[in-house]
> 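Here it is, the structure in full.
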Amino acid sequence: MSSHEASVMPTQVADSISVKGAREHNLKNVSVDIPRNQLVVITGVSGSGKSSLAFDTIYAEGYRKYIDSLSTKARMVLEQIPRPDVDYIQGLSPVIALEQRTGGGGNPRSTVATVTEIADFARVLWAVCGTPYCPKDGGIIERRSMDDCLTRIYAEPEGSRLMILAPWMTAKPAILREELPRLQQRGFQRVRLNGEIRRLDEHDLIDSKAASISVEIVVDRIVLKADQRSRLADSLDLAFSEGEDRALILIEDGQQWRELPLSNRLACVNCGDVYEPVSPRHFSWNHAEGACSECGGLGETLQFQPELIVPDPSISVKKGAIKPWRLGSKQMIIRHNAILKQLAEQLPFDPNLAWDELDADVRAQILHGAGERLFSFKLKGGNTKPELMPFEGVLADLENIRRNTTSDGLRARLMAYQTSSRCEACSGRRLRPSSLSVLIEGRSITDLLAMSLQEAQGFVDALQSNPAYATVGDAVRGLGSRLSFLNEVGLSYLTLNRTYTSLSGGEAQRVRLATQLGMSLVGVVYLLDEPSIGLHPLDNRRLIQTLIGLRERGNSVVVVEHDGETMLAADHLIELGPGAGVEGGELIYQGSPTDAFHDTYSRSGMFLSGEARVEKNARTLRPKSDWLSVEGAYENNLKQVDAKFPVGLLSVVCGMSGSGKSTLVNDILAKAAAFKLNRAKTIPGKHKKITGLDHFLSVIQVDQSPIGRSPRSNPATFTKLFDQLRDLFVKCSIAKIRGYKRNRFSFNVSGGRCERCKGDGVIKLDMQFMADVYSECPSCKGRRYNRETLDVRFKGYNIADVLEMSVDEALQVFAKQPRIAEKLHTLADVGLGYIKLGQPATTLSGGEAQRIKLSLELSKRQQGQTLYILDEPTTGLHWLDVQRLMDLVVKLRDAGNTILIIEHDLDVIRMADWIIELGPEGGAAGGEIVFQGEPSVFYEGSASPTQQMLKDMIS
């Protein structure tokens with residue numbers, strides 16, 4: 001550090017975070033002062049270096065300084081972590097980064113309730129204050145003292161004849177022959193065997209033919225009188241001792257004996273079943289004491305689906321309509337064919353008819369069984385006689401095969417005909433019946449977790465005002481505060497049992513933001529990565545107020561964002577650019593958001609001021625006669641929705657967050673289209689029917705799910721560009737001389753890769769008490785390959801150099817390689833010219849992953865008549881990038897394709913040929929169509945939330 005820099009630094013510590021000489025990734029020696037205790041927005045076109053400055057520089061330095069505060073042993077492990085490429089950062093407070101990443105690492109057990117500790121507080125509340133009921137008969141479960149038991153017995157009429165029994169054991173006859181004589185030796189004279197009172201000295205006491213016998217010891221026979229209380233207490237105490245705290249009182253009632261079960265442990269007052277005392281573990285689906293025994297606490301099990309078992313209904317039973325019955329050994333196939341042949345004769349049905357031409361009742365009996373009806377099946381060869389047996393159905397037979405087969409290969413092939421379905425044992429509620437029967441205010445813990453955040457807030461608020469729950473005040477207050485913070489950040493429509501992995505990147509980030517709000521920290525630097533993702537503009541205003549609240553507590557809030565309203569609400573705006581990749585990485589503006597309106601260098605100012613906007617460079621088309629219709633959709637919160645989309649046009653589905661957009665388009669329409677057009681093994685959500693799919697040859701769904709789960713996946717491998725690059729390097733002269741094949745240039749197989757890091761380029765450091773850290777491989781220096789492989793060069797570049805190139809750089813190098821250049825052009829056309837070909841998939845945002853998928857589809861030969869479904873494609877895009885993307889989408893439309901887009905971006909909504917808005921709000925208050933029609937009609941209204949926001953934007 002120079003003496004000049006050292007003299008400047010102290011003047012900046014008090015009021016700003018001073019970054020000097022940042023060169024991480026594409027940053028070009030950026031120096032910037034970020035005001036402390038203000039809301040600062042960093043913006044710029046995609047790939048301009050925003051995240052490099054905020055996360056890879058500022059957060060990385062804050063993390064490194066935190067590591068320096070740890071013990072020497074911990075620092076020794078972490079010495080290999082490189083510090084960010086920056087001269088210095090001065091005035092940095094503790095940093096908390098809330099990056100845009102989807103939830104829970106693929107763990108299906110994580111829910112909104114578990115990651116926010118709401119589930120932990122709820123478990124304590126139900127364990128302490130819950131009233132347990134018997135899952136069998138609904139009787140209250142309580143612990144009775146000896147006095148309580150005697151009081152209950154003396155409630156019977158005086159003079160009643162009683163027998164006091166102790167439940168002893170249920171066992172096979174062979175075991176009882178040895179055990180019963182011991183009872184006689186101990187002085188007992190009578191027992192009850194399977195409900196019949198017998199003397200122990202009788203001959204032929206035990207029925208040898210019985211599979212098992214239930215034994216109860218007759219402890220005493222007594223007439224109920226007031227002076228018999230002491231004897232009754234002694235006998236009852238002995239019965240509890242012999243019956244493991246359970247006793248059975250037989251009361252003569254006319255010619256019958258009536259049973260009264262008693263226990264001095266927690267037991268049902270009606271049936272006498274004994275239960276363990278409840279603890280927080282009983283309400284956890286991650287613990288054996290609480291989890292449903294059938295699904296293990298997942299709430300879902302793999303089940304065979306009729307739609308997958310008969311994939312082609314136009315085929316007859318005889319020709320193999322029931323596809324999985326043609327799997328397995330030869331003997332198994334012969335057996336199944338014999339069953340079908342004999343079933344056709346006895347049901348009867350015509351096995352030569354197409355499956356969908358068979359009577360619906362016949363199809364149901366083939367799949368689900370014919371109940372108790374007996375069929376005469378001859379399944380063995382020779383002169384064996386037919387056997388009478390029930391037919392349980394194809395589904396039951398397949399489940400039986402799956403459970404009992406010793407062939408792992410067959411079990412794996414059968415999985416193709418199964419999907420995850422709600423567990424029938426617990427109805428998807430994850431817990432055991434005994435845990436589900438513990439109630440507070442008439443609700444179980446799963447009833448609370450099934451509520452939306454807004455509904456749960458009302459339930460918990462009522463508990464807070466109830467003095468009966470004062471003993472667990474901390475738990476109730478903890479629930480209330482966390483729920484209020486989650487509602488503050490615009491997530492009121494989410495249910496508490498929503499799996500964390502199903503949240504979008506923006507939703508997951510806002511969940512973590514709500515957790516931070518609950519900590520009430522002061523003097524912290526918060527870094528957020530596009531928190532507005534997935535939010536309707538109205539919800540976004542609430543989020544902005546939350547960010548302002550964080551700032552007013554005395555924190556510095558730095559947001560990487562493209563949303564115009566967030567920029568205008570900021571105290572300070574920093575813009576990087578002017579372009580992406582090598583053309584970006586420079587500080588082009590910093591100052592007040594309003595001063596950027598007419599700044600010469602700012603590329604966002606003209607959009608903020610309204611002077612420029614995203615334009616539709618094509619005419620709006622009107623619907624013709626062909627329609628794609630969804631009728632009677634009622635999955636999740638949808639309320640019998642009927643939606644229609646014009647074929648060949650650009651349709652946009654909008655609405656408040658949680659209004660049902662993804663359910664309608666992704667869960668119902670996209671899955672039904674994929675099942676019919678692409679033969680995908682997907683089961684659509686609940687609906688009556690879908691018409692109009694005959695207009696399409698295929699469906700392509702482009703969502704924000706990652707293109708890979710490991711650093712090995714990258715844009716080059718996902719788009720199949722890497723295959724062509726390896727083919728090219730194999731043709732190089734050195735590769736030919738050495739006899740290298742294509743797999744020499746793969747980092748997934750041994751031979752050409754670096755064996756120390758196994759082709760990853762990085763080595764994972766297990767931090768034990770923290771998240772895993774990746775360090776550059778010291779052998780290959782992050783280049784993935786060994787030295788011999790890197791000797792092969794094309795135009796002076798080896799395969800590692802190519803993977804380090806951006807798309808735009810690679811276009812110049814491979815301009816004369818048409819197949820490679822074509823794929824590179826499609827990546828550049830969707831605004832990804834800045835990303836590196838070998839950039840790990842784990843570092844890509846949801847929007848970038850979606851555009852890579854879109855580029856893969858664009859690189860294929862266009863045939864028209866394709867249904868494209870895009871889920872918020874503008875995620876992570878600057879206005880200039882949105883313009884390029886929408887130009888591409890319009891080209892797809894004009895090529896004869898139909899485009900469906902789920903979107904909150906008002907500019908995209910303006911460009912639609914057809915608009916459907918769901919709402920009016922999210923969760924239970926949504927799920928209805930509030931508008932469906934042409935944009936010209938949509939702009940005239942102002943009743944719906946989106947119409948209001950459009951009017952605000954236009955004005």
Side-chain angles (χ1 to χ4, degrees), residues 16-62 84 86 89 91-93 95-100 505-506 509 513 524-533 540 543-544 547-548 550-551 555-581 583-596 599 601-605 607-608 834 845 847-848 875-881:
S16 67
I17 302 165
S18 180
V19 180
K20 176 70 174 178
R23 293 173 294 276
E24 196 67 30
H25 297 156
N26 68 330
L27 295 179
K28 296 172 181 173
N29 216 36
V30 169
S31 297
V32 61
D33 292 335
I34 300 173
R36 292 172 59 84
N37 303 329
Q38 291 192 14
L39 174 58
V40 179
V41 170
I42 302 177
T43 191
V45 297
S46 303
S48 58
K50 306 181 296 296
S51 295
S52 297
L53 175 62
F55 295 98
D56 299 328
T57 302
I58 296 174
Y59 174 67
E61 180 66 5
V86 60
I89 300 178
L92 192 61
S93 303
V95 180
I96 294 175
L98 301 174
E99 297 180 77
Q100 182 220 131
Q509 186 180 184
L513 175 60
V524 171
V525 178
Y526 284 101
L527 294 175
L528 291 89
D529 188 6
E530 299 190 68
S532 66
I533 291 171
N540 195 33
L543 175 67
I544 292 169
L547 299 178
I548 290 172
L550 270 179
R551 177 201 66 189
N555 299 298
S556 304
V557 184
V558 181
V559 184
V560 175
E561 189 57 90
H562 292 108
D563 177 68
E565 203 160 358
T566 308
M567 293 185 205
L568 291 173
D571 303 309
H572 192 77
L573 183 67
I574 295 172
E575 186 172 359
L576 298 176
E583 297 178 3
E586 299 177 21
L587 180 66
I588 60 174
Y589 176 81
Q590 67 170 326
S592 164
T594 52
D595 290 346
D599 187 272
Y601 297 101
S602 172
R603 307 192 72 183
S604 302
F607 290 97
L608 286 173
Y834 63 91
S845 69
E848 287 170 333
T875 296
L877 294 188
H878 188 269
W879 287 286
L880 294 169
D881 300 309

> Within the 4.5 Å heavy-atom criterion, are Asn26 and Tyr834 side-chain neighbours or not?
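Side chain of Asn26 against side chain of Tyr834, heavy atoms only: no contact under 4.5 Å found.
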
> Please give me the minimum heavy-atom distance between Val30 and Gly585, naming the atom from each residue.
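Between these two residues, the closest heavy atoms are CG2-O, 3.1 Å.
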
> May I have the step-by-step check of side-chain contact (heavy atoms from CB on, under 4.5 Å) for Leu587 and Leu53, ending in yes or no?
CA-CA 10 Å; Leu587 180 66; Leu53 175 62; over 6 Å; no

> For a 4.5 angstrom cut-off between non-hydrogen side-chain atoms, does Val558 reach Phe55?
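No; the side chains remain at least 4.5 Å from each other.
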
> Has the side chain of Glu530 got a donor or acceptor atom that lies under 3.5 Å from a matching backbone atom of Gly876?
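Pair found, side chain donor or acceptor close to backbone of Gly876.
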
> Quick check: closest heavy atoms across Val32 and Gln590, and the distance to 0.1 Å?
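Nearest heavy atoms, Val32 then Gln590: CG2-OE1, 3.4 Å.
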
> Tell me whether Lys28 contacts the main-chain N or O of Gly584 through its side chain, where contact means a donor paired with an acceptor under 3.5 Å.
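Yes; judged by distance alone, with no hydrogens or angles, the pair exists.
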
> How many angstroms lie between CD1 in Ile544 and CG in Asp563, if you round to the nearest 0.5 Å?
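It is 6.0 Å, given to the nearest 0.5 Å.
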
> What is the distance from atom CG of Asp56 to atom NE2 of His25, rounded to the nearest 0.5 Å?
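These two atoms lie 4.5 Å from each other.
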
> Rounded to the nearest 0.5 Å, how far apart are OG of Ser556 and CG of Asp571?
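Nearest 0.5 Å value for the OG-CG distance: 10.5 Å.
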
> Report the distance from atom OG of Ser51 to atom OH of Tyr59, rounding to the nearest 0.5 Å.
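Those atoms lie 14.0 Å apart.
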
> Does the His572 side chain pair with the main chain of Leu39, one donor and one acceptor, at a distance under 3.5 Å?
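Answer holds: no.
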
> Give a yes or no on whether the backbone of Pro35 and the side-chain of Ser16 come within a donor-acceptor separation of less than 3.5 Å.
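No; judged by distance alone, with no hydrogens or angles, the pair does not exist.
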
> Under a 4.5 Å cut-off applied to non-hydrogen side-chain atoms, are His562 and Thr43 in contact?
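When only atoms from C-beta onward are counted, Thr43 and His562 do touch, with a gap below 4.5 Å.
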
> Are Ser18 and Asp33 side-chain neighbours, meaning at least one heavy-atom pair lies under 4.5 Å?
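Ser18 vs Asp33: side chains touch.
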
> Check whether Asn540 reaches the backbone of Ser532 with its side chain - one donor and one acceptor, N or O, closer than 3.5 Å.
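Checked: no pair found.
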
> Donor-acceptor pair, Glu561 side chain versus Thr566 backbone, under 3.5 Å?
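Here the side-chain-to-backbone pair does not exist.
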
> Report yes or no: do Thr57 and Glu24 form a side-chain donor-acceptor pair below 3.5 Å?
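Result is no, nothing qualifies.
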
> Quick check against the 3.5 Å criterion: does Ser48 have a side-chain atom that pairs as donor or acceptor with the backbone of Ala580?
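Not at all, since once roles are kept as given, no pair shorter than 3.5 Å links the two residues.
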
> Atom CD1 of Ile574 and atom OG of Ser602: how far apart are they, to the nearest 0.5 Å?
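Nearest 0.5 Å value for the CD1-OG distance: 12.5 Å.
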
> Does Tyr589 use its side chain to pair, donor to acceptor, with the backbone of Ala596 at less than 3.5 Å?
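Yes; at least one donor-acceptor contact below 3.5 Å.
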
> Search all heavy atoms of His878 against all heavy atoms of Ser46 and return the closest pair with its distance.
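That closest heavy-atom pairing would be N-OG, 4.0 Å.
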
> When you compare the side chain of Leu92 with that of Ile58, does any pair of heavy atoms fall below 4.5 Å?
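Result yes, sub-4.5 Å side-chain heavy-atom pair found.
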
> Can a side-chain donor-acceptor contact be found between Ser93 and Arg36 if the only test is distance below 3.5 angstrom?
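A donor-acceptor contact under 3.5 Å links the two side chains.
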
> So do Leu98 and Pro531 actually touch side chain to side chain, heavy atoms under 4.5 Å?
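They are not in side-chain contact.
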
> Just wondering, do Tyr601 and Pro578 contact through their side chains at under 4.5 Å, heavy atoms?
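Pro578 vs Tyr601: side chains apart.
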
> Quick one: does any side-chain atom of Lys50 pair with a main-chain N or O of Val45 as donor and acceptor, under 3.5 Å?
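Yes, because the side chain of Lys50 sits within donor-acceptor range (under 3.5 Å) of the backbone of Val45.
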
> Taking side chain as C-beta onward, heavy atoms only, is Leu513 less than 4.5 Å from Leu547?
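The answer is yes, as the side chains (C-beta and beyond) meet within the 4.5 Å cut-off.
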
> Can you measure from OG (Ser604) to CG (Leu880) and round to the nearest 0.5 angstrom?
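Reported to 0.5 Å precision, the distance equals 7.5 Å.
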
